[in-house]
Visitor: 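Submitted below is the structure of interest, expressed as structure tokens.
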Amino acid sequence: MILEDYIDVNARLYPDKTAIVCDNDTCTYEDLKNRIKEKMILLEKVSYHKGQIVCLRAFTSIDYLVTYFALHKMGCIVTPLEKDIPDESYNTISQEICSNRVPDDTADILYTTGTTGKSKGVMISHQTIIADAENLIDGQGFSHELAFVVNGPLNHIGSLSKIYPVIVLGATLILVDGLKDINKFWEAFDYPATKMATFLVPASIRILLQFSAEKLADYADKIDFIETGAAAISQGDMKSLCELLPNSRLYNTYASTETGIICTYNFNDGQCVAGCLGKPMKHSQVFITENGHIACKGDTLMTGYLGDTQRTSEILKDGVVYTSDIGILDDEGMLHLLGREDDVINVGGFKVAPTEVEDIALSYPIVKDCICISVEHKITGNALKLLIVVKDGEILNKRALAQYLKSKLELYKVPLLYEKVENIKRTFNGKIDRKYYK
């Protein structure tokens with residue numbers, strides 16, 4: 001079965017169950033099935049056909065998902081792109097994908113953000129979509145009664161992967177266009193469901209903790225679980241979330257476009273272990289290579305990079321994706337992420353993961369956001385510099401911050417230089433844009 005087959009099953013089993021809500025537009029599973037049929041007729045009239053690769057702007061709307069599902073049912077391959085992508089970039093990608101062949105069973109071509117290099121088209125199969133869905137159902141307890149709030153872009157794995165289990169189970173999907181309007185986000189949680197859940201990147205969690213902590217507490221009895229991922233969440237934010245939502249499951253997940261959904265860890269377990277990503281899920285396996293990198297196996301892996309067999313062969317070998325992430329497996333088989341190889345800073349022969357420095361700095365009361373970067377140094381070659389955004393009304397005392405870091409970190413991990421900045425460059429999904437600072 002492909003994902004769209006489950007829509008037909010749900011339309012038969014739960015015809016009046018609400019499938020998707022977006023602003024004032026709502027459709028049941030019966031409605032969704034019929035809308036897809038109508039869309040397929042329209043698409044066939046303009047000559048869309050099986051095997052065709054189609055670019056699609058990922059608007060936050062039911063019609064976007066209807067078109068996405070309809071193209072799959074027609075046997076097309078969908079390339080979802082950012083809704084605001086410039087026309088020139090859209091046309092470039094359209095021409096690029098048309099000149100390439102894709103493997104059978106390809107469902108989507110998802111373009112990565114390009115934070116660590118040139119954006120790449122990652123080929124995802126229908127089998128991968130179902131395996132991701134089953135991993136999340138088994139690993140996080142998605143249920144038929146759940147209403148899941150998706151507030152991220154619908155062209156990347158973070159949000160798309162939450163649509164999969166919702167559709168498989170016949171649950172309800174609520175679409176919100178980001179956190180530009182926090183009130184609108186919270187209005188989604190007024191939906192009459194006994195169980196609510198959402199996915200939030202760490203940057204969004206920080207916004208809610210700073211500006212809507214009371215709202216989080218108000219909905220505590222209704223929030224079944226929250227998942228985070230895409231970037232590292234600080235331990236301070238983890239603990240704050242646990243305090244506000246004592247009875248909710250709070251998941252930190254290891255996933256990427258290339259690997260699919262791999263591991264998850266409920267950090268609301270009384271231990272709240274920073275950097276822990278849990279055990280592999282149902283369809284996945286993880287091991288650590290000799291050089292300390294995380295390697296993944298299973299049914300959730302990509303097929304390869306579109307039109308780039310050389311780059312594909314560099315990371316996908318014999319059914320294993322070899323990542324640039326550095327990690328360890330503990331005695332319980334839990335994966336712990338230490339950072340990316342590309343991000344590690346060599347200071348006088350000592351290797352420093354900037355995320356470790358940033359996590360401690362974020363626990364300092366006046367620090368709102370920060371990034372640890374490398375700068376040239378005459379003696380050590382490189383030195384650490386911390387760029388800091390302070391909370392409103394606060395004054396940065398560099399010496400006091402340095403002393404605080406010395407009390408928490410080995411001396412070689414303590415930054416030599418400190419600079420106050422207005423903001424830290426981040427990508428749309430909350431990741432620090434480290435490429436910008438290199």
Visitor: Got a sec, which pairs hit ring-ring contact (aromatic ring centres under 6.0 Å, His included) with one end in residues 249-288, sequence neighbours left out?
Guide: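 Pairs touching residues 249-288 that pass the test: F225-Y251.
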Visitor: I'd like to check the salt bridge (charged side-chain N to carboxylate O under 4.0 Å, His left out) partners of D325; sequence neighbours left out, ordered by chain and number.
Guide: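 With sequence neighbours excluded, D325 shows a salt bridge (charged side-chain N to carboxylate O under 4.0 Å, His left out) to R340, given in chain and number order.
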Visitor: Identify whether NZ of Lys or CZ of Arg in R57 sits under 6.0 Å from the centre of the six-membered ring of Y90 and within 45° of that ring's axis.
Guide: yes
Visitor: Report the C-alpha separation of S61 and D63 in whole Å, then their side-chain angles, then the decisive distance to 0.1 Å, and conclude whether the side-chain hydrogen bond (donor to acceptor under 3.5 Å, both in side chains) test is met.
Guide: CA-CA 5 Å; S61 68; D63 187 65; 5.3 Å; no
Visitor: State the CD-CG distance between E38 and L42, to the nearest 0.5 angstrom.
Guide: 8.0 Å
Visitor: Between Y404 and I360, which heavy-atom pair has the shortest distance, and what is it?
Guide: CE2-O, 3.6 Å
Visitor: Atom CG of D104 and atom OG1 of T106: how far apart are they, to the nearest 0.5 Å?
Guide: 7.5 Å
Visitor: So F189 and T198, do their side chains get closer than 4.5 Å, heavy atoms only?
Guide: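 Heavy-atom side-chain distance check passes, below 4.5 Å.
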Visitor: With a 4.5 Å cut-off on side-chain heavy atoms, are L110 and P80 touching?
Guide: yes
Visitor: N266 and L250: side-chain contact (heavy atoms from CB on, under 4.5 Å), yes or no, with the steps?
Guide: CA-CA 5 Å; N266 175 16; L250 303 172; 4.3 Å; yes
Visitor: On a heavy-atom basis, which atom in C27 and which in I62 lie closest, and how many Å separate them?
Guide: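 Closest pair (atom of C27, atom of I62, distance): SG-CG2, 4.0 Å.
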Visitor: For F148, does the six-membered ring have the charged nitrogen or CZ of K162 within the cation-pi criterion, i.e. under 6.0 angstrom from the centroid and within 45° of the normal?
Guide: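 No, K162 does not lie over the aromatic ring of F148.
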Visitor: Assess whether side-chain hydrogen bond (donor to acceptor under 3.5 Å, both in side chains) is satisfied between D108 and Y68, documenting all intermediate values.
Guide: CA-CA 10 Å; D108 293 339; Y68 174 83; 2.5 Å; yes
Visitor: Hey, mind stepping through D433 and R426 against salt bridge (Lys or Arg N to Asp or Glu O under 4.0 Å) and telling me if it holds?
Guide: CA-CA 5 Å; D433 190 355; R426 290 181 177 270; over 6 Å; no
Visitor: Nearest 0.5 Å, please: how far is CD in E358 from OG in S363?
Guide: 12.5 Å
Visitor: Out of curiosity, I345 CD1 to I373 CD1, how far, rounded to the nearest 0.5 Å?
Guide: 8.0 Å
Visitor: Side-chain contact test, heavy atoms from C-beta onward, threshold under 4.5 Å: evaluate it for I109 versus Y111 and give yes or no.
Guide: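 Heavy-atom side-chain distance check passes, below 4.5 Å.
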Visitor: Any side-chain heavy atom of T112 within less than 4.5 Å of one from V122?
Guide: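 T112 vs V122: side chains touch.
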Visitor: Report yes if some heavy atom in the side chain of L209 is under 4.5 Å from a heavy atom in the side chain of L241; otherwise report no.
Guide: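 Yes. Closest side-chain heavy atoms under 4.5 Å.
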Visitor: Determine the interplanar angle of the Y14 and H144 rings, folded into 0 to 90°, and report it as parallel if under 30°, tilted if 30 to 60°, perpendicular if over 60°.
Guide: tilted
